[in-house]
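Lettering follows sequence order; numbering is per chain, from 1.
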There are 8 protein chains.
Amino acid sequence: MKPVVSIIMGSTSDLPVMEKAAKILDELEIPFEINALSAHRTPAEVEKFAKGASDRGIKVVIAAAGMAAHLPGVIASMTTIPVIGVPIKASLEGLDALLAIVQMPPGIPVATVGINGAMNAGILAAQMLAVGEAQIAGKLSAYKESLKDKIVKANEELSEVKFKFKTN
Amino acid sequence: MKPVVSIIMGSTSDLPVMEKAAKILDELEIPFEINALSAHRTPAEVEKFAKGASDRGIKVVIAAAGMAAHLPGVIASMTTIPVIGVPIKASLEGLDALLAIVQMPPGIPVATVGINGAMNAGILAAQMLAVGEAQIAGKLSAYKESLKDKIVKANEELSEVKFKFKTN
Amino acid sequence: MKPVVSIIMGSTSDLPVMEKAAKILDELEIPFEINALSAHRTPAEVEKFAKGASDRGIKVVIAAAGMAAHLPGVIASMTTIPVIGVPIKASLEGLDALLAIVQMPPGIPVATVGINGAMNAGILAAQMLAVGEAQIAGKLSAYKESLKDKIVKANEELSEVKFKFKTN
Amino acid sequence: MKPVVSIIMGSTSDLPVMEKAAKILDELEIPFEINALSAHRTPAEVEKFAKGASDRGIKVVIAAAGMAAHLPGVIASMTTIPVIGVPIKASLEGLDALLAIVQMPPGIPVATVGINGAMNAGILAAQMLAVGEAQIAGKLSAYKESLKDKIVKANEELSEVKFKFKTN
Amino acid sequence: MKPVVSIIMGSTSDLPVMEKAAKILDELEIPFEINALSAHRTPAEVEKFAKGASDRGIKVVIAAAGMAAHLPGVIASMTTIPVIGVPIKASLEGLDALLAIVQMPPGIPVATVGINGAMNAGILAAQMLAVGEAQIAGKLSAYKESLKDKIVKANEELSEVKFKFKTN
Amino acid sequence: MKPVVSIIMGSTSDLPVMEKAAKILDELEIPFEINALSAHRTPAEVEKFAKGASDRGIKVVIAAAGMAAHLPGVIASMTTIPVIGVPIKASLEGLDALLAIVQMPPGIPVATVGINGAMNAGILAAQMLAVGEAQIAGKLSAYKESLKDKIVKANEELSEVKFKFKTN
Amino acid sequence: MKPVVSIIMGSTSDLPVMEKAAKILDELEIPFEINALSAHRTPAEVEKFAKGASDRGIKVVIAAAGMAAHLPGVIASMTTIPVIGVPIKASLEGLDALLAIVQMPPGIPVATVGINGAMNAGILAAQMLAVGEAQIAGKLSAYKESLKDKIVKANEELSEVKFKFKTN
Amino acid sequence: MKPVVSIIMGSTSDLPVMEKAAKILDELEIPFEINALSAHRTPAEVEKFAKGASDRGIKVVIAAAGMAAHLPGVIASMTTIPVIGVPIKASLEGLDALLAIVQMPPGIPVATVGINGAMNAGILAAQMLAVGEAQIAGKLSAYKESLKDKIVKANEELSEVKFKFKTN
């Protein structure tokens with residue numbers, strides 16, 4: 001089994017957030033790898049990773065970073081594979097990471113999801129893969145359908161809430 | 001008893017905030033319903049709700065959402081009933097939800113209250129109903145009068161605070 | 001003809017923004033008045049206005065203010081008529097006015113629209129009136145329908161845009 | 001003993017912050033009073049307070065408020081006594097209260113201190129009183145001198161910190 | 001020629017920004033369509049578009065919106081095709097649109113680019129298509145290579161700048 | 001005639017803003033001086049000014065600064081005269097100057113007015129002087145009364161605005 | 001042993017942050033001193049320190065401050081030694097301190113690091129010393145090399161994370 | 001003449017800002033070079049530059065970038081020469097660039113100056129060089145002295161401003 005999605009994070013402190021990306025890829029049965037790389041501490045390794053990813057069969061990169069979050073942009077500058085950026089909340093409520101990832105200059109986009117939005121990064125990776133692979137699209141539709149169950153459950157819980165003038 | 005106000009929230013995690021809206025409507029003896037609906041996870045149900053609300057006798061909708069909070073605006077786009085939006089604090093201190101609710105384009109307003117301002121949403125709904133129903137206006141006046149009691153109590157507490165140069 | 005909506009602004013410099021509220025009320029054939037009042041410069045007049053509005057037949061107040069925008073909240077504290085607040089962009093991109101209007105304490109809501117959102121304030125006022133008056137609801141539906149025309153026109157314009165790989 | 005400074009707060013929940021204003025006034029032996037008043041819940045009482053303050057011998061008002069903090073500005077609109085505004089951190093890290101207090105329109109200033117800056121409000125009140133009363137200026141100089149002691153103490157603590165290449 | 005990318009914008013006032021997306025798709029010889037749709041003014045048309053896009057052969061959607069920018073999220077809630085969101089600067093320097101697009105709830109991602117980042121949206125769309133189509137990857141590599149020319153040119157210009165202590 | 005208020009600014013580029021402080025002091029017949037001093041470029045002169053102000057008869061200092069606005073705080077650290085800080089809008093919409101002035105540490109307050117709020121700084125200075133001088137209080141009351149005239153004028157202008165459903 | 005770097009902080013409450021600067025200087029075997037000084041509470045001592053630092057052999061100053069953080073700028077105004085500013089997070093997530101330190105006027109720079117970025121301040125001080133001392137450059141290179149070890153360790157930890165579709 | 005300072009910018013559009021850095025270095029007679037390099041468009045050239053700078057005799061790098069400004073951090077990750085970062089105002093008032101430059105992770109500092117603060121970047125570079133070269137310190141002292149002249153001139157201009165109650 002060869003990975004098609006590569007999850008990159010700067011340190012294992014990001015793992016509690018980023019394992020949500022892993023979990024959803026696992027549910028959707030998409031092979032992936034997880035590695036730690038730092039744009040600032042291991043620039044040579046980042047370069048090696050970014051330039052070799054396509055040849056290793058990686059189709060989408062998910063890169064997470066906090067603060068002056070350069071990792072997603074640095075990878076994006078070295079490959080034409082789509083890079084999904086996950087801003088990690090480490091300071092300033094995550095606003096610094098969001099801006100440092102999303103405000104890329106013309107020519108080098110990073111597909112940015114919300115602050116700590118690792119689960120959405122996983123889904124977005126699957127959506128990108130589904131562009132070329134109809135089977136994944138089917139799984140995504142099923143997953144999307146399943147989201148409604150939470151709402152059904154929520155309504156059941158809400159029906160337990162009692163007020164005199166509550167009518168349902 | 002048919003509901004005239006409908007409280008909508010994206011998930012039961014919003015309930016601790018939103019039950020303040022329910023509580024004040026209950027105090028003001030205004031029949032209401034509470035449901036969970038998600039602009040993003042159950043768009044079809046949101047549409048059905050929004051388009052049918054008026055015919056079911058709903059006069060005002062209170063919709064709560066956090067982050068990229070689309071629910072109030074999406075409902076407002078499908079009905080002419082006034083929609084009150086409650087920004088839920090889930091990230092960025094609630095600023096994202098506030099802006100995503102209040103900054104609606106020309107043509108489709110959402111009556112926005114403060115971040116986590118569910119109680120005010122309930123009162124505002126009552127004020128809107130009072131436009132057509134004098135009896136509710138009377139209840140609101142009585143309620144408004146009662147707000148002063150807190151201040152009286154506060155002053156009693158403050159009279160207990162002791163400083164040498166405090167004169168009251 | 002007696003006014004049912006009252007538009008209040010702090011100075012005539014707000015008129016270029018606020019006349020959009022007047023214009024939409026005019027289109028919807030809702031009688032209204034426009035006055036200048038300042039929470040800070042004419043507090044006595046504001047009080048007189050707020051306390052007498054209901055008896056004069058005013059059903060909804062639209063209050064516009066910039067910077068430390070107190071006018072909508074001050075009026076709301078003195079009446080149970082719903083007050084719609086319009087944050088005027090005068091400094092800090094209008095963020096100061098938005099926060100000073102929307103972040104009202106529990107008990108005294110202001111129905112806030114977007115920064116410089118005068119047109120939406122007018123529509124929201126009409127929606128509130130429609131709670132008690134079915135005829136206005138009909139006009140609002142017609143108005144809402146008309147919004148689509150802009151989109152139709154926009155698409156006609158876009159069909160003129162020429163690119164080699166543009167397919168429509 | 002008649003108060004010359006009046007501390008006003010919206011609710012007793014502000015007391016833990018505001019008692020620092022009381023404490024410093026007490027240290028400086030300046031008679032003061034503390035009361036609870038709400039711009040939004042008790043506008044009539046605020047008006048009565050603001051208009052009567054000067055005649056009762058009040059020379060400076062310290063007014064604290066959070067969120068859409070109108071209290072200092074509303075008082076300032078009804079008196080020519082200087083009003084010191086204390087933004088209380090209740091939401092958005094206190095930025096909403098700061099902007100709602102400091103960004104007053106031309107004509108009606110509020111002397112604003114930092115977020116939760118109650119102690120500085122007390123000192124500023126004393127500085128204003130000292131404009132007309134030389135004795136207070138002397139106490140303030142003594143107080144200012146005493147601030148240095150904290151730094152001396154801090155340096156003693158820092159001298160305990162041990163590092164191999166630390167030279168002091 | 002059938003379109004594989006669909007560019008959606010709320011009004012023709014977004015065209016000066018969004019035609020940069022069209023231009024780069026044209027350069028990369030990727031068939032696309034451009035339409036105007038409004039999440040708030042034409043919700044039914046948005047639904048029809050979103051649900052039918054996949055069957056019409058659309059592989060990627062680029063959706064632009066300003067202020068309380070719901071369009072990308074609303075489309076994303078109704079399809080599993082990847083949606084690229086372009087925040088348009090219309091107020092608050094575009095921060096409102098950015099947050100309203102990027103901060104999507106778990107389950108429904110929007111691939112967000114920078115404020116007014118239409119060109120990057122076009123490139124990102126091509127990168128997504130290249131996941132399934134090797135030929136586009138080649139064009140993207142060539143494009144990426146061409147970006148360096150600007151830098152070469154910039155250096156030529158800079159060599160013209162004269163200072164006494166400038167050494168190059 | 002000896003000055004009792006001293007207006008300090010960092011450079012003559014602040015004059016268009018700060019002359020509003022001068023103008024209102026002139027109207028209120030309060031002797032004042034205007035000088036340029038820079039906390040960063042002329043620290044020795046600032047120190048000399050701050051330490052000598054009281055002995056020269058200065059009762060209140062108005063200090064204006066932009067960006068990392070240290071001037072008001074630096075003066076406040078060297079005197080017990082009240083210092084009024086005017087944040088000048090030079091970058092970041094003036095938010096940097098506002099925070100750099102208002103967020104003073106415990107012990108050293110600066111009485112901060114709004115961004116570019118020079119006129120209010122002048123009025124606040126007069127209010128402080130009036131603490132010890134009843135005559136100025138009278139002038140301030142008269143001035144406050146005159147603010148209403150603008151509103152009267154505004155209403156006259158608004159009465160000229162014509163709409164079919166406008167009732168006044 | 002004479003210190004070449006001087007660490008200055010406003011109070012011992014900053015020590016938990018600032019000892020990271022001390023620790024890295026210790027590791028790099030660079031003699032340093034730590035003192036408490038306050039721009040606002042001990043301006044005379046700050047002046048004495050700043051003016052005498054160069055003669056005492058200090059080559060770089062690291063100054064930490066929170067809120068309206070003037071200390072780094074005030075020192076920078078009185079010496080030509082480079083001053084590194086560390087914004088301390090004490091309110092508003094540290095944004096106030098960051099802006100009050102970094103936004104210095106033309107002529108007087110402060111080399112600003114991130115919020116609570118004491119460790120980086122220590123490294124930056126070493127980098128500045130290395131401009132004139134080749135030996136420190138060598139130590140910095142070794143230190144930089146060591147940063148990679150964390151990444152190696154992180155990857156070992158990540159290899160322990162188990163998912164069905166995880167391939168590494 | 002070999003350069004000791006290297007000024008790097010992403011494009012010639014940054015030149016109007018960055019030539020202020022060149023100008024002050026020229027005045028201080030410090031040899032420098034100016035080049036265009038892009039972290040995102042020419043990563044290989046950036047790497048080559050960063051790794052070779054020290055051997056070429058470069059002592060300090062000044063790197064300017066806007067938006068998701070990665071250039072200074074990327075260079076800093078590849079050298080132990082101090083890197084001065086200049087946030088360029090290109091969007092969001094420059095706040096995005098400031099945060100993307102200053103909020104570097106532990107281990108890799110960037111010495112950040114204010115938004116568009118190119119002149120200060122030049123001075124800071126000179127200050128760093130002066131750590132190892134006494135002669136530059138002398139020039140900096142002379143320069144610092146000259147800053148006072150602006151203030152003298154400003155006071156002359158201010159003495160021309162005429163008001164009735166202006167005393168100087």
Problem set entry | Validation row: E:His40, B:Met104 side chains within 4.5 angstrom (heavy atoms) | yes
Exercise. Under a 4.5 Å heavy-atom cut-off, does chain E meet the side chain of B:Ala69, its backbone, both or neither?
Worked result: backbone
Seminar exercise, completed: Output for pair (B:Leu95 CG, E:Leu95 CG), nearest 0.5 Å, gives 7.0 Å
Problem set entry | Most chain B-contacting option - heavy-atom pairs closer than 4.5 Å, from E:Pro105, E:Ser11, E:Ala39, E:Gly107 | E:Pro105
Exercise. Around E:Lys20, counting heavy atoms of other residues, nucleotides and ligands shown, do more than 12 lie under 6.0 Å from its NZ?
Worked result: no
For this session: Please name the pair of heavy atoms, one in B:Ala100 and one in E:Ala68, separated by the smallest distance, quoted to 0.1 Å.
Result: O-CB, 3.3 Å
For this session: Kindly indicate whether the side chain of E:Gln103, heavy atoms from C-beta on, has any atom under 4.5 Å from the side chain of B:Ser91.
Result: yes
Problem set entry | Closest approach of E:Ser77 to B:Pro43 (non-hydrogen atoms, all atoms of both residues) | O-CG, 3.6 Å
Seminar exercise, completed: If one checks every heavy atom of B:Leu98 against chain E at 4.5 Å, the contacting part turns out to be neither
